[in-house]
Amino acid sequence: QVQVDESGGGAVQAGDSLRLSCAASGRAGIRLSMGWFRQVPGKEREFVCAVTWNGDHAYYADSVKGRFTISRDNNKNTVYLQMDSLKPEDTAVYYCAIASPYGPAFTSSNVNRLALYDYWGQGTQVTVSS
């Protein structure tokens, strides 16, 4: 079983930055593709970004492209989400997700599908005020 722990959320002003962290544990030598999603009450969980297991490809939703950066440190089994130029519409609970080791490789057309991800964190709240 894989445990997923997010941290780094908080309340900031528009234009500020935050960095979220996602630590994965419970599986020796974790080298799985990982992603970030977000959700606001009453809406479906939406894709934010993802990175392949070796970090050679990153994918972003259009709404965050150019402002958010995903990265990973496999020595620490940790993925980071650097969020710059935050906007009030970025307010949401952010979830880290780990892709299934048996699923298809990430592509730009499938990376946003929730079904590709087997393990989810409990979420961390990000609130951006204007």
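Annotation: the span from T69 atom OG1 to R19 atom CZ amounts to 11.5 Å, rounded to 0.5 Å. Rounding to the nearest 0.5 Å places CG of L81 at 9.5 Å from CG of L18. Within the model, atoms CZ of R113 and OG1 of T107 stand 7.0 Å from one another, a figure rounded to the nearest 0.5 Å. Atom OG of S85 is separated from atom CZ of R67 by 7.0 Å, given to the nearest 0.5 angstrom.
When the side-chain hydrogen bond (donor to acceptor under 3.5 Å, both in side chains) test is applied to D118, the partners found at least two apart in sequence or on another chain are S100. The side-chain contact (heavy atoms from CB on, under 4.5 Å) search around N112 returns F47, not counting sequence neighbours.
Scanning both residues, N110 and L116, for their nearest heavy atoms gives O-CD2, 3.4 Å. Minimum heavy-atom separation, S33 to W53: OG-N, 3.1 Å. The minimum heavy-atom distance between A92 and V40, with the atom names listed, is CB-CG1, 3.6 Å. Residue C96 comes nearest to E6 through the heavy atom pair N-OE2, 2.8 Å, listed as atom of the first residue, atom of the second, then distance.
Side chains of T78 and D73: a donor-acceptor N/O pair is absent below 3.5 angstrom, by distance only. Judged purely by distance below 3.5 Å, without hydrogens or angles, the side chains of Q3 and D5 never pair a donor atom with an acceptor atom.
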Please test K65 against D62 for salt bridge (charged side-chain N to carboxylate O under 4.0 Å, His left out), starting from the C-alpha separation and ending with a verdict. CA-CA 5 Å; K65 202 171 294 183; D62 288 342; 3.2 Å; yes
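The ring of F106 has its center closer than 6.0 angstrom to the ring center of Y117. In this structure, F37 has its ring center closer than 6.0 angstrom to the ring center of W120.
Using a distance-only test at 3.5 Å, with no hydrogens or angles considered, no donor-acceptor pair links the side chain of T124 to the main chain of Y94.
For the pair M34 and R72, the minimum side-chain heavy-atom distance is below 4.5 Å.
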